[in-house]
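Note sheet for the following structure.
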There are 2 protein chains.
Amino acid sequence: MRIGELSERTGTPRRLLRYYEEQGLIIPDRCANGYRTYDERLVDRVMQIRGLLDAGLPTRIIKQILPCLDKPRAIHFSDATPEMIATLENERDRMTERIKCLTRNRDAITEYLDAVRSNNRSDAASEASTTS
Amino acid sequence: MRIGELSERTGTPRRLLRYYEEQGLIIPDRCANGYRTYDERLVDRVMQIRGLLDAGLPTRIIKQILPCLDKPRAIHFSDATPEMIATLENERDRMTERIKCLTRNRDAITEYLDAVRSNNRSDAASEASTTS
DNA sequence: TCAAACCATCACATTGATGTGAAGGTCAAA
DNA sequence: TTTGACCTTCACATCAATGTGATGGTTTGA
């Protein structure tokens, strides 16, 4: 598919698809006229990239971890230098921290919302009992 | 405590502590000479802010959700306008998405690391059997 | 009392992710 | 064959988070 379709299907501005390419996150083919042409699988890949960006990872890191997330992965064992492994372990730990932080705060929001809701219910109840 | 100590205890540059204040995330007192003075509790608060920033939330959103994460929270019910509730529900959902994305990818990294390790083990084993 | 180590404000720079638009090539349909 | 909807590259702009440094006031200890 061409860039327009990928853009529509992933909800990503064309500008950013080119940017991700520039950052080495995706590598489209080119057809004879110079147009980029994207493999079907890049739809998921782009959404994965967007999710990771939204979760605070910079493209530099995403580029490093992306190749390790594919199966079959035997192909990528060559990347597994000790430095790379250390990087991955470090990023995994940072992601775990992020998950903890997000979970904690999300749960607090949920709790707050529950409290507000039950508060409103009792408001409504007492109002009903005084106005009727 | 003053800004230097808070900076040390949270690992946060002074510049950023002032920035967070400018964004309305923390509100230090001032002593007579104009120096900022921070409550003990702001240590945790700053680390919470940093965690959320690192997890991809912008200060604008952090500012909105922070007041709802405190207990006792009865004080903050006044903030609970319908728009605020909608915002919170929306942010909660986005956080859930982030958590899912991070978890999925972190688990994939873990899986990759496990695969690499077992691969290295079998390398070592076969090398041992051929060289000894 | 003077130096060192704090603090203040202000301002300009940078970086990463994005927005926007110009100038021009390609292609399909009227 | 021309129009409109694609595509290309290039460049400049913006925004949030952060770095850095200038300039100057305050406090503390030798």
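In what follows, chains carry the letters A, B, and so on, assigned in the order in which the sequence lines appear, proteins first and then strands, with residues in each chain numbered from 1.
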I want to check one thing: is the phosphate of [N], taken as OP1 and OP2, less than 4.0 Å away from some side-chain N or O of [X]?
{"X": "A:Arg18", "N": "D:dT8", "result": "yes"}
{"X": "A:Arg15", "N": "D:dC7", "result": "no"}
{"X": "A:Thr59", "N": "C:dA17", "result": "yes"}
{"X": "B:Asn33", "N": "D:dT27", "result": "yes"}

pair A:Gln48-A:Leu52: side-chain heavy atoms closer than 4.5 Å: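 In contact.
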Within-4.5 Å side-chain heavy-atom neighbours: B:Leu42 and B:Thr10: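 No, every pair of side-chain atoms sits at 4.5 Å or beyond.
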Same apolar cluster (I L V M F W Y, side chains within < 4.5 Å links), A:Met1/A:Leu16: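 Both belong to a single hydrophobic cluster.
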Toward the 5' end of DNA chain C, by each residue's nearest nucleotide, A:Tyr35 or A:Tyr20: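 In this pair, the answer is A:Tyr20.
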CZ/B:Arg41: more than 12 non-hydrogen atoms of other groups inside 6.0 Å: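 No, not enclosed.
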More than 12 heavy atoms from other groups under 6.0 Å of CD on A:Glu5: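 More than 12 heavy atoms, drawn from other residues, nucleotides or ligands, come within 6.0 Å of this atom.
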[N] [atom2] sits how many Å from [X] [atom1], rounded?
{"X": "B:Tyr38", "N": "C:dC6", "atom1": "OH", "atom2": "C1'", "result": "14 Å"}
{"X": "A:Leu25", "N": "C:dT18", "atom1": "CG", "atom2": "P", "result": "11 Å"}
{"X": "A:Ile49", "N": "C:dT18", "atom1": "CD1", "atom2": "C1'", "result": "15 Å"}
{"X": "B:Glu5", "N": "C:dC6", "atom1": "CD", "atom2": "P", "result": "12 Å"}
{"X": "A:Arg2", "N": "D:dA5", "atom1": "CZ", "atom2": "C1'", "result": "9 Å"}
{"X": "B:Leu16", "N": "D:dT20", "atom1": "CG", "atom2": "C1'", "result": "12 Å"}
{"X": "B:Met1", "N": "C:dC6", "atom1": "CE", "atom2": "P", "result": "16 Å"}
{"X": "A:Ile3", "N": "D:dT9", "atom1": "CD1", "atom2": "P", "result": "9 Å"}

Earlier contact from the 5' end, DNA chain D, for A:Arg30 and B:Arg60: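 This one resolves to A:Arg30.
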Sugar-phosphate, base or nothing in reach of A:Arg14, heavy atoms under 4.0 Å: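 Since only primed, P, OP1 and OP2 atoms lie under 4.0 Å of A:Arg14, the category is sugar-phosphate.
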Heavy-atom donor-acceptor pair, A:Tyr19 side-chain to C:dG19 base, under 3.5 Å: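 Flag unset: no donor-acceptor pair detected.
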Among C:dG19, C:dA17, C:dT9, the nucleotide that comes nearest once only the side chain of A:Pro13 is considered: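 Minimum distance to the A:Pro13 side chain belongs to C:dG19.
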